[in-house]
Amino acid sequence: MAKPKVATTSLAGCFGCHMSLLDIDDRILKLVELVDFDKSPVDDIKEFTGRCAVGLIEGGCCNEENVKVLRDFRAHCDILISVGDCAIMGGIPAMRNGIPLQECYAEAYLKGPTVHNPSGRIPNDPELPLLLNRVYPCHEVVKIDYHLPGCPPPADTLWEALVALLSDKPVQLPYELVKYD
Amino acid sequence: MSDNLATVVRDICRKYGRERGRLMDIVRAVQEKFGCVSGPAMDLIAKEVGVRRVQVASVVTFYAFLSEQPKGQVVIRLCNDIIDQMAGAPDVARAFEEELGISFGQTTPDGKFSLEYAACIGMCDQAPAALVNDVPVTELSTDAARRIVRDLRKHMDPSRLVHRLGDGNNAHELVHAMVMNNIHLRGPVIFTPANRGEAIRKALAMTPAEVIRAVKTSRLRGRGGAGFPTGMKWEFTRAAPGDRKYIVCNADEGEPGTFKDRVLLTELPDRVFAGMTIAGYAVGAAEGILYLRAEYAYLQRFLEDLLDKRRAENLLGQNICGKAGFNFDIRIQMGAGAYVCGEETALLSSAEGSRGDPKNRPPFPAQKGYLDCPTVVNNVETLACVTKILEAGPATFSEHGSPGSTGTKLLSISGDCKVPGVFEVPFGIKLSEVLKLAGGEDAIAVQVGGASGQMIAREEFGRTICFDDLATGGSVMIFGPERNVLEVADKFMEFFVEESCGYCTPCRVGNVLLKERLERVIAGQGEPADLEYLQDLGQTIKTMSRCGLGQTSANPVLTTLKNFRATYNALVKKRTDGLQPAFDLGAAVGEAETIIGRKSEHAHA
């Protein structure tokens, strides 16, 4: 029987959650025995090759491309997990939510202390996705099945959750793996 | 100007004895004088009274009728509760905006007018209504709104807006209001001829313990809605250790759709003051406080005058009615616009000169209330009942009503009915009979008990008004066939989001989430799971909130979920695409499209 597939992505995140995933250390060898990776920065597969059992989402949605990717994940994955605080509630990127979008663009491209932009124009390039009016947590855009909190969630949390899901066991993490105080 | 500020603030503070406990009166007076309580004024008050500035600031920023920023010389507060909205408040609002050239929340550049919304101002029987400074203007139309602004521009005197006087004491020179009583049914207890002083003299002929026994025999229960046995409350307070005890009359009638206390205080304030005095005698208190909501400030002079008359007749003061050693006096504490202050512990915080934060219970006010002294807090109507019980005897009182809920109840009926107003009905009356009395038989839904009460569907109109079935502080709002009950519930949620004091998270945050999800369902974007979410979250807010406001704030959602399930079910549908229907990519990128100057390739695909 073919191994179940896992896909991962980082939307408006810092890749810290992916780093934490790599922190499972040598257990990654066990992981590749359990699963194949599909679309993911881990193997650099850009497009889905088929149906996936689990999708791990890092980061919230700050632009239109994030939304497209997230919807694509929802369409291809049986189970979607919001991994980390940015995916769950916007995190650091959502600090812009109280600031008008025009000001955000101006700070990034016109007025920021390190900006050199003699044209005085905000760039209009298809490579730069349009920003959303605010940063959205993933569950406001698509249905999310599980939330793994943490900034980032520790490797053990990710490991335990993945193993439980892939072996059809209930995801019941011990308190130590989801408490942060 | 600043010298003037310093002098005036000092004078105001001295008038109130520079007491910390009179901070509400002090900031109200400063607000009235200067149109705001500015930073420098707060500093001065803090220094005079001997508190920190933050304590003054916390009061100023808490109440709707106080502000740090200068308000207009005339503040127009349009009531925007659901009943006023149904009666045309949105059109009136637009007329005010057009005529003044400002939006709600703004002040005209010349500093003459501010325009604001108010939560229920207690005039639902003559909606739409507004307060112009202290002056209520009722049954507004767009024409009336325009005329009010034009007249005010000429004379800037709100009292001159009263072209016709209301009935009864509304026409009294000290009230001088266009408010109508709209008493449509007079029952055998409250609206009966009163003989000033009779009840007190009868009470003073008994021992305090006998008075309490009489109240217990009558089986009188609190009329504010919770229905706690009044006699028992008095007994606890009497038994509580302490030399100083207080009687507080809760006249902070803020529950949307309630206005019976307004009518009681207009027509039968003697009964209320007598009830307070009798309570004072029974529990051994020497001081009473009538906490009057700011919206009823137009009654203040009339009530103060009546207190003077009662002092002159020795119904208040020293050795009342010749009873040696029985001293009791009453002062009126004005509120400043906060629904939560109707909750008794919040009311006490407010009367003590603080933000209207609820307190932890226990200890209950009977043990530790006003200034930590044993305190009776009774509703206006409860105290009026006490007077009648002493006048006519407990047996006469308890022969009315039902076994668990004796006596009569004043109902404030408003909404889609022929004769909105006050009705004194016996407890145990069926809701259908109430609807018949008010001419609202074609109702599809009735909200009993105000925003925090229950939304009742037609199938349950056979239920009865009493503490054991449909308990109510008096608010009965009727909704006709053309109304959308879910939108009504949403409106109530807006009220709670606004009025939450913010102290505890379930109430401060939970109500916002509840409202958002409800609106998603109303917009047709809901799924069956959203109804479970509403139920769970509502239950959490109810269980986890600190005071009565939060504990009842989810009721609009919870009771409509229970009684109007079919309406909800028709709006939700299960989705299989895994997307959140409430998320609209087109709307989310719209602003960036304008700023950048290109269309999103994903949103319009």
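Computed from a prediction, not measured in an experiment: that's the story for all the values here.
Within the structure, salt bridge (Lys or Arg N to Asp or Glu O under 4.0 Å) contacts touching residues 90-117 of chain A (residues at least two apart or in different chains) do not occur.
From A/Q102, atom CD reaches atom OG1 of B/T594 across 10.0 Å, with rounding to the nearest 0.5 Å. A/K68 NZ to B/S600 OG: the interatomic distance, rounded to the nearest 0.5 Å, is 11.0 Å. One distance of note links CD of B/Q580 with OH of A/Y136; it measures 12.5 Å at 0.5 Å rounding. A/L101 contributes atom CG, which lies 4.0 Å from atom CD1 of B/I595 (distance to the nearest 0.5 angstrom).
Taking chain B as the reference chain and counting heavy-atom pairs below 4.5 Å, the highest number among A/L132, A/N124, A/L131 is found for A/N124. Counting heavy-atom pairs closer than 4.5 Å to chain B, the top residue among A/I144, A/L80, A/V67, A/N133 is A/N133. Annotation: maximal heavy-atom pairing with chain A below 4.5 Å, among B/A592, B/A582, B/A588, occurs at B/A588.
Across all non-hydrogen atoms, the minimal contact from B/H602 to A/E64 is CD2-OE1, 3.6 Å. Nearest heavy-atom pair, A/E140 versus B/F583, reported as atom, atom and distance to 0.1 Å: O-CB, 3.2 Å. Here the closest heavy-atom approach between residue B/R598 and residue A/L128 is recorded as NH2-O, 2.7 Å.
Salt bridge annotation for B/E527-A/K143: present, with a cationic side-chain nitrogen under 4.0 angstrom from a carboxylate oxygen.
Heavy atoms of B/D577 lying under 4.5 Å from chain A belong exclusively to its backbone. Only the backbone of A/D125 has a heavy atom closer than 4.5 Å to any heavy atom of chain B.
More than 12 heavy atoms of other residues, nucleotides or ligands sit less than 6.0 Å from atom CZ of A/R51. Remark: A/L177 CG is packed, more than 12 non-hydrogen atoms of other residues, nucleotides or ligands lying under 6.0 Å away.
Counting heavy atoms from C-beta on, the side chains of B/L579 and A/V141 never come closer than 4.5 Å.
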Start with the C-alpha gap between B/K599 and A/L130, add the side-chain angles, then the distance that decides, and say whether side-chain contact (heavy atoms from CB on, under 4.5 Å) holds.
CA-CA 9 Å; B/K599 286 279 168 197; A/L130 294 173; over 6 Å; no
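For residues 485-500 of chain B, heavy-atom neighbours of chain A at less than 4.5 Å comprise no residues at all.
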